S.K.: 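Let me give you the structure first, and then I'll get to my questions.
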There are 2 protein chains.
Amino acid sequence: MGRRNLHSRDELRELALSEAARLVDSGGMAALGMREVARRMGYTVGSLYMVCTNLDDLIVQVNERTVMQLRASLEAVAGRARQPARRLRLLCAAYLDFAQEHTQRWRMVFEHRLPPGQAAPPTYRGHTHAIFGLVASALRDAAPAREGSRSRDTPEELAVVLWSAVHGICMLAVTGKLGVSGTHASTRRMLDLLVDRFT
Amino acid sequence: MGRRNLHSRDELRELALSEAARLVDSGGMAALGMREVARRMGYTVGSLYMVCTNLDDLIVQVNERTVMQLRASLEAVAGRARQPARRLRLLCAAYLDFAQEHTQRWRMVFEHRLPPGQAAPPTYRGHTHAIFGLVASALRDAAPAREGSRSRDTPEELAVVLWSAVHGICMLAVTGKLGVSGTHASTRRMLDLLVDRFT
DNA sequence: TCGATAAATTGAACACTGATCAATAACGAT
DNA sequence: ATCGTTATTGATCAGTGTTCAATTTATCGA
């Protein structure tokens, strides 16, 4: 063929990213290949390289969307509870839900490695920061309830610690590295158990 | 060439695993290739397939060693402190040290994915279990100090939660996904902050 | 000591991958 | 209609993991 103009460049990128995401969701990061993505778009490889310079670049773009989506999920539940302790539990549950619903894409965010030297992580630092902000805010609101004993630690510090911990639990649970008990319920219980220690 | 008998089959496996480990340590999981490992061994690919059926299998074998080594490191420090709280902190520090010293191999343990369907994780379940045991034991010893309030949670449950949390903090710290502050000292502080909530 | 059998080692071959880039086909404007 | 521009293709290249016939050597029995 030659020039078709069926899709604008933006539509092409949209096609590419959504097909790539679908591919990852179904078969994991390893299933993501340039040829296959192009095939599903109804184009050939050459055209795919018009919206991304690399396979790595394609992955980064998909990841960016995933983080955005995750942030939106968390922000959605953050307003649903007045009491900070309850809000923290909701945030944890939402994080776990997201990790279980979009396991493959979520793992890709944390497991993909750009080639050495290159990189400097892209825009999604901002999203990460916003997420930590949600947690820190809830911890700040909860602060009066546990004042006195350990008031040295700032909510920001606590947020990083707590959220890294939540992340670790979700990751090990979702990848099945926790041994036998991988049920949703038991993981949720662990998260609650963790949050209890921070409120 | 033909038959040389320079190395026994065990020596060959040793060669393969150590060269593979060196390769991963220096260039990450992506740098691990059959041809390159064989080249460094002084053999060709065909011979490498005598000690592993797959690249995946080779990775699994390297991972097994890594987990073993990690377990040994933790067991070594577990005896160095009588007070359980202090012992927990030592365990955390040792875990972080290991993650920072052998970052690439350590990441590979958690990030490698076997092809779908295949697998069932191998022997290193046992090592993982032993590690949880160390943590649970320390938590059990620390239990009297915090009895009353939340004695419902068993030390085993707490161990899984605490250790997953430690893992998450180390992982995000080591992969630089925590934003700016990636220093060893600050990570260590976070771990202490976490342990304080569990003792 | 000499063959014969068995074992170890090779490297060419196959099917795949990401990436490149000349050639081509169709659009939009003149 | 014609021309320039641009989207699209697909052959091509270098690389990967994996296989396996062929070759070379050690080992053992006669």
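Keep in mind that this is a model prediction, so the values were computed, not measured. Every chain is numbered from 1 and lettered A, B, ... according to where its sequence line falls, protein lines coming before strand lines.
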S.K.: Would you say the side chain of B:R35 and the base of D:dG17 hold a donor-acceptor pair, judged only by whether the two atoms sit under 3.5 Å apart?
M.R.: yes
S.K.: Between B:V45 and A:M34, which has a closest nucleotide on DNA chain C that is more 5'?
M.R.: B:V45
S.K.: Please state how far atom OH in A:Y49 lies from atom P in C:dT20, giving the value in whole angstrom units.
M.R.: 7 Å
S.K.: Using a 4.0 Å heavy-atom cut-off across all strands, classify B:L32 as base, sugar-phosphate, or nothing.
M.R.: sugar-phosphate
S.K.: Take the protein atom CG of A:L6 and the nucleotide atom P of D:dT9, then report the distance between them rounded to whole Å.
M.R.: 10 Å
S.K.: At under 4.0 Å between heavy atoms, what does B:Y43 touch on the DNA or RNA strands: base, sugar-phosphate, or nothing?
M.R.: sugar-phosphate
S.K.: Check every atom of C:dT9, C:dA8, D:dT8 against the side chain of A:S47 and return the nucleotide holding the closest atom.
M.R.: D:dT8
S.K.: Once you apply a heavy-atom cut-off of 4.0 Å, does B:L48 come out as touching a base, just sugar-phosphate, or nothing?
M.R.: nothing
S.K.: With a sphere of 6.0 Å drawn around CZ of B:R86, does it hold more than 12 non-hydrogen atoms of other residues, nucleotides or ligands?
M.R.: no
S.K.: What is the distance, to the nearest angstrom, from the CZ atom on B:R39 to the P atom on D:dG17?
M.R.: 13 Å
S.K.: What is the nucleic acid contact for A:G33, judged by heavy atoms within less than 4.0 Å: base, sugar-phosphate only, or nothing?
M.R.: sugar-phosphate
S.K.: Just N and O in the side chain of A:R4: are any of them under 4.0 Å from OP1 or OP2 of D:dT9?
M.R.: yes
S.K.: So B:F98 and B:H102, would you call those rings parallel, tilted or perpendicular, with 30° and 60° as cut-offs?
M.R.: tilted
S.K.: Could you say whether B:T44 or B:R3 is positioned toward the 5' end of DNA chain C, judged by the nucleotide with the nearest heavy atom to each?
M.R.: B:R3
S.K.: Determine the sole option in A:L162, A:L74, A:L96 for which the side chain to side chain contact (heavy atoms under 4.5 Å, CB included) test with A:L91 is passed.
M.R.: A:L74
S.K.: Think A:N54 has a side-chain N or O under 4.0 angstrom from the OP1 or OP2 of C:dA19?
M.R.: yes
S.K.: Rounding to an integer number of Å, can you tell me how far A:R13 CZ sits from D:dA7 P?
M.R.: 14 Å
S.K.: Please state how far atom CZ in B:R9 lies from atom C1' in C:dA7, giving the value in whole angstrom units.
M.R.: 8 Å
S.K.: Between A:A16 and A:L48, what is the shortest heavy-atom contact and its length?
M.R.: CB-CD1, 3.7 Å
S.K.: Are the charged groups of B:D196 and B:R89 less than 4.0 angstrom apart, N to O?
M.R.: yes
